[in-house]
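To keep things clear, I will list the structure first and then write my remarks on it.
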Number of protein chains: 2
Amino acid sequence: MDIIRRNTDYALRAAVELAGRFGGEPVSTKEIADRQKIPYQLACKLMQRLHKAGIVKSTMGPSGGFILCKNPSKITVRRLVEIIQGPVRLNNCKLCRLSRCCTISPELTRLQGKINEFLDGLTLKQLADTNGAKKPAKSKRGGSKK
Amino acid sequence: MDIIRRNTDYALRAAVELAGRFGGEPVSTKEIADRQKIPYQLACKLMQRLHKAGIVKSTMGPSGGFILCKNPSKITVRRLVEIIQGPVRLNNCKLCRLSRCCTISPELTRLQGKINEFLDGLTLKQLADTNGAKKPAKSKRGGSKK
DNA sequence: AACTATAGGACTAATATAGTCCTATTTAAT
DNA sequence: ATTAAATAGGACTATATTAGTCCTATAGTT
């Protein structure tokens, strides 16, 4: 069982891809899918969700694609996680909702807070920087910034 | 999606129940299931797993049941979580295994460490104490310690 | 012998997640 | 205008995971 699900992982990678090219031309889903080894149709869905959530701006038609709406340093991992898989919950115990005396939850709620704090403090820029160090952003389409 | 799954939650509750009666007589699965609102058959399975993992000691036959093998202060939540649902993973991305350059994982691995640290620091005793404050352990079978 | 409890294999059911298919729409280039 | 390349999005299908049940065996108490 994973805290970050596969689709979320995909979406994070896609976003990091865009972060690495922030300021450049739109990147097509096809290219993102290829580079990040995401099934194409699935990538489409994920990009749509990022679009609806206001994370990316889309342009249709040939040479269309996606760009980030905000600076990568302003986009947190927590935000992306919540868009794709919803908030990270500790447990969804039924008892908690019924009973006044849930033993388990109070302590675990603290953990939940810590996790959110961590994910809030982690931005796309940070991920992209780690990335850039190893994969020096060969620009595939159009070369240098327009 | 939950970090602590329902069955793990059940098992934690069962263990807290036993922790609250540590030093006393064995508690039957039936009683645990009743008190914690766990489906009986499922509770049996969970107790079996705690038994195989060496967390509880079982006695069969009438007036049988389970008791904790160790002091509740020596049993961590992490241990129980790992017995029931396995280690808490951040993601299981396929890329990480293939590629040398996983963008996502390095940072998230730090989070994983923090989570484990937290769960290691949380013991059954702590949970039971929180519990005891509100639900003052009415002993149902046998009354005071034998 | 009868009863009450755990042990445990083998399922079934339910739910959640991942992934696909198909059609429509937008836009750039020819 | 036509074509082609891209996003938009509804409606599925498939897969995997999790939860839960059923049944039989075994141990121990009375």
Side-chain angles (χ1 to χ4, degrees), chain A residues 1-11 13-14 18 25-34 36-67 81 83-86 88-89 91-94 141-142 146, chain B residues 1-11 13-14 18 25-34 36-67 81 83-86 88-89 91-94 141-142 146:
Chain A
M1 200 275 327
D2 308 294
I3 296 180
I4 304 292
R5 291 205 299 247
R6 192 186 300 163
N7 278 357
T8 307
D9 193 274
Y10 287 159
R13 286 168 205 283
L18 296 186
E25 301 171 358
V27 185
S28 72
T29 304
K30 183 169 178 308
E31 186 174 350
I32 293 171
D34 277 357
Q36 300 293 337
K37 306 283 181 298
I38 307 171
Y40 172 67
Q41 300 271 21
L42 188 50
C44 288
K45 291 293 183 224
L46 296 171
M47 294 314 296
Q48 276 174 33
R49 289 171 73 177
L50 294 185
H51 180 231
K52 289 216 288 192
I55 298 294
V56 298
K57 187 172 160 301
S58 75
T59 54
M60 288 176 123
S63 84
F66 296 91
I67 59 177
V81 168
I83 288 165
I84 303 299
Q85 70 181 41
V88 173
R89 292 182 307 178
N91 60 359
N92 73 342
C93 109
K94 303 169 188 164
R141 181 211 276 167
K146 171 178 158 195
Chain B
M1 201 276 326
D2 308 294
I3 295 181
I4 304 292
R5 291 204 298 246
R6 191 186 301 163
N7 278 358
T8 307
D9 194 275
Y10 286 158
R13 285 169 206 284
L18 296 185
E25 301 171 357
V27 185
S28 72
T29 305
K30 184 169 177 311
E31 186 175 349
I32 293 171
D34 278 357
Q36 299 294 336
K37 306 284 181 297
I38 306 171
Y40 172 68
Q41 299 272 20
L42 188 49
C44 288
K45 291 293 184 224
L46 295 171
M47 294 314 294
Q48 275 173 35
R49 289 171 74 177
L50 295 185
H51 180 231
K52 288 216 289 192
I55 298 293
V56 298
K57 187 171 161 301
S58 74
T59 55
M60 288 177 122
S63 83
F66 298 91
I67 58 176
V81 168
I83 288 166
I84 303 298
Q85 70 182 39
V88 173
R89 294 182 306 178
N91 60 358
N92 73 343
C93 108
K94 302 170 189 164
R141 182 210 277 166
K146 170 179 160 194

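Everything quoted here is computed from the prediction, not taken from an experiment. In what follows, every heavy atom counts, from backbone to side chain, and hydrogens, waters and symmetry copies are set aside. We name chains A, B, ... by the order of the sequence lines, and we start the count at 1 in each one.
- Using a 4.0 Å cut-off between charged nitrogen and carboxylate oxygen, A/Asp9 and A/Arg13 count as a salt-bridge pair.
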Check nucleotides 9-12 of chain D against the protein and report each pair of N or O atoms closer than 3.5 Å, with its distance, or say if there are none.
unit_1: D/dG9; atom_1: N7; unit_2: A/Lys45; atom_2: NZ; d: 3.3
unit_1: D/dG9; atom_1: N7; unit_2: A/Gln48; atom_2: NE2; d: 2.7
unit_1: D/dG10; atom_1: N7; unit_2: A/Lys45; atom_2: NZ; d: 3.3
unit_1: D/dG10; atom_1: O6; unit_2: A/Lys45; atom_2: NZ; d: 2.3

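- As a whole-Å value, the separation of B/Lys30 NZ from C/dC3 C1' is 14 Å.
- Atom CZ of B/Arg5 is separated from atom P of D/dA16 by 16 Å (rounded to the nearest Å).
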Side-chain donor-acceptor contacts of residues 46-57 of chain B below 3.5 Å, not counting sequence neighbours, with atom names and distances?
unit_1: B/Arg49; atom_1: NH2; unit_2: B/Ile83; atom_2: O; d: 3.4
unit_1: B/Arg49; atom_1: NH2; unit_2: B/Ile84; atom_2: O; d: 2.8

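- In this model, the phosphate group of D/dT7 is approached by a side-chain N or O of A/Thr29 to a distance below 4.0 Å at OP1 or OP2.
- Nearest heavy-atom pair across B/Ala43 and B/Ala33 is CB-CB, 4.0 Å.
- At least one side-chain heavy atom of B/Val81 sits less than 4.5 Å from a side-chain heavy atom of B/Val88.
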Canonical and wobble pairing (Watson-Crick, G-U, under 3.5 Å) of DNA chain D, dot-bracket with |: ||||||||||||||||||||||||||||||
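- As rounded to whole Å, 15 Å separates atom C1' of C/dA5 from atom CD1 of B/Ile67.
- Whole-Å rounding puts the B/Arg89 CZ to D/dT17 C1' distance at 11 Å.
- If you take CD on B/Gln36 and OG1 on B/Thr29, they are separated by 12.5 Å, rounding to the nearest 0.5 Å.
- A straight line from CG of B/Leu42 to C1' of C/dA13 spans 13 Å, rounded to a whole angstrom.
- Protein atom CE of A/Met47 is 13 Å distant from nucleotide atom C1' of D/dA6, rounded to whole Å.
- Rounded to whole Å, atom C1' of D/dA5 lies 15 Å from atom CD of A/Glu25.
- Closest heavy-atom contact between B/Gly64 and B/Pro26: C-CB, 4.0 Å.
- Residue A/Arg6 places no side-chain N or O under 4.0 Å from the OP1 or OP2 atom of D/dA16.
- Going from atom OH of A/Tyr40 over to atom C1' of D/dT7 covers 8 Å, rounded to whole Å.
- Distances shown here put every side-chain N or O of A/Asn7 at or beyond 4.0 Å from the OP1 or OP2 atom of C/dT17.
- Remark: B/Lys30 pairs with B/Ser28, B/Asp34, B/Tyr40 by the side chain to side chain contact (heavy atoms under 4.5 Å, CB included) rule, at least two apart or across chains.
- Counting all heavy atoms, side chain and backbone alike, B/Arg5 lies closest to B/Asp2 at CG-O, 4.3 Å.
- With sequence neighbours excluded, the residues forming a side-chain hydrogen bond (donor to acceptor under 3.5 Å, both in side chains) with B/Thr8 are B/Gln85, listed by chain and number.
- Contact annotation: A/Tyr10 reaches the phosphate of C/dG19 (side-chain N/O to OP1 or OP2, under 4.0 Å).
- Residue B/Ile32 holds its CD1 atom at 7.0 Å from CZ of B/Phe66, rounded to the nearest 0.5 Å.
- Proximity of residues 54-62 of chain B to DNA chain D (heavy atom under 4.0 angstrom from any strand atom) is restricted to B/Met60, B/Gly61, B/Pro62.
- When distances are taken from the side chain of A/Ser28 to each of D/dA6, D/dA19, C/dA7, the shortest belongs to D/dA6.
- For A/Pro39, the side chain to side chain contact (heavy atoms under 4.5 Å, CB included) criterion is met by A/Tyr10, A/Leu42, not counting sequence neighbours.
- The distance from the CD1 atom of A/Ile38 to the CG atom of A/Asn7 is 9.0 Å, given to the nearest 0.5 Å.
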